[in-house]
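Chain letters run A, B, ... following the sequence lines, proteins first and then strands; every chain starts at 1.
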Amino acid sequence: AQSVTQPDIHITVSEGASLELRCNYSYGATPYLFWYVQSPGQGLQLLLKYFSGDTLVQGIKGFEAEFKRSQSSFNLRKPSVHWSDAAEYFCAGPLGGYNKLIFGAGTRLAVHP
Amino acid sequence: DTGVSQNPRHKITKRGQNVTFRCDPISEHNRLYWYRQTLGQGPEFLTYFQNEAQLEKSRLLSDRFSAERPKGSFSTLEIQRTEQGDSAMYLCASSFAGTGVKNEQFFGPGTRLTVL
């Protein structure tokens, strides 16, 4: 069965510290994968996407993610977190083909000054 | 084009009432999706359209829910006889699906429904 798992429900980091949010997927074929960010009461904004090719993908707002087939992971990283990065982050992948998405439960990021 | 828009942004209703939400996708997008997001969870797929055809519905979409996209542009999602369990954020997304084009979905701001 296809699934996307985000093991960390909450993460707190200090401003300026590095960040890594974990995402694991279960999918038979090569998936395409996304990271979205959601601020309180808002819709989802696409941070970055992986379809194929280079396994390290760059996104907006200084985020990057690395696709690792051997670990079934697509972790999101940022070298230096800003207070404005506080939000909820969702990893998503294909569900039942390539026509719809399945999302992880999300990781809520808090940033301490 | 400014992206996917949804109206209303918030809706409060009493149990048993009917509600209707509207989604206007990005104009050149031929696919439109509805998702539901409850507190503390990721969005869950409800249904999607390609042009005006509703191609798939999730088992989450009970008989009280109906979605339309009459001219392949905007879509409406109606919930009849609302229940408190329907309280959630309803998200709309759109994409352009075609040969050689990846199905990247763009989301609207959502409609938050509260059923009292």
Hey, quick one: are B:Tyr33 and B:Phe65 part of the same hydrophobic cluster, counting side-chain heavy atoms closer than 4.5 Å, chains of contacts allowed?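 B:Tyr33 and B:Phe65: separate clusters.
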Would a single hydrophobic cluster contain both A:Leu109 and A:Val37, if residues Ile, Leu, Val, Met, Phe, Trp and Tyr are joined by side-chain heavy-atom contacts under 4.5 Å?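 Looking at the clustering, A:Leu109 is in the same group as A:Val37.
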Got more than 12 heavy atoms from elsewhere within 6.0 Å of [atom1], [X]?
{"X": "A:Ile9", "atom1": "CD1", "result": "no"}
{"X": "B:Glu78", "atom1": "CD", "result": "yes"}
{"X": "B:Leu39", "atom1": "CG", "result": "no"}
{"X": "A:Arg77", "atom1": "CZ", "result": "yes"}

What about the rings of A:Phe103 and B:Tyr35, do their centers lie closer together than 6.0 Å?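 Yes; B:Tyr35 has its ring centre under 6.0 Å from that of A:Phe103.
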Any side-chain heavy atom of [X] within less than 4.5 Å of one from [Y]?
{"X": "B:Glu104", "Y": "A:Phe34", "value": "yes"}
{"X": "B:Phe107", "Y": "A:Gln42", "value": "no"}
{"X": "A:Phe90", "Y": "B:Pro43", "value": "yes"}

Please classify the contact of B:Gln37 with chain A as side chain, backbone, both or neither, using a heavy-atom distance under 4.5 Å.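 The side chain, not the backbone.
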CD-CE distance between A:Gln38 and B:Met89, expressed to the nearest 0.5 angstrom: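 Rounded to the nearest 0.5 Å, the CD-CE separation comes out at 6.0 Å.
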Taking atom CZ of B:Phe45 and atom CG of A:Leu101, what is their separation to the nearest 0.5 Å?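 Reported value, rounded in 0.5 Å steps: 9.5 Å.
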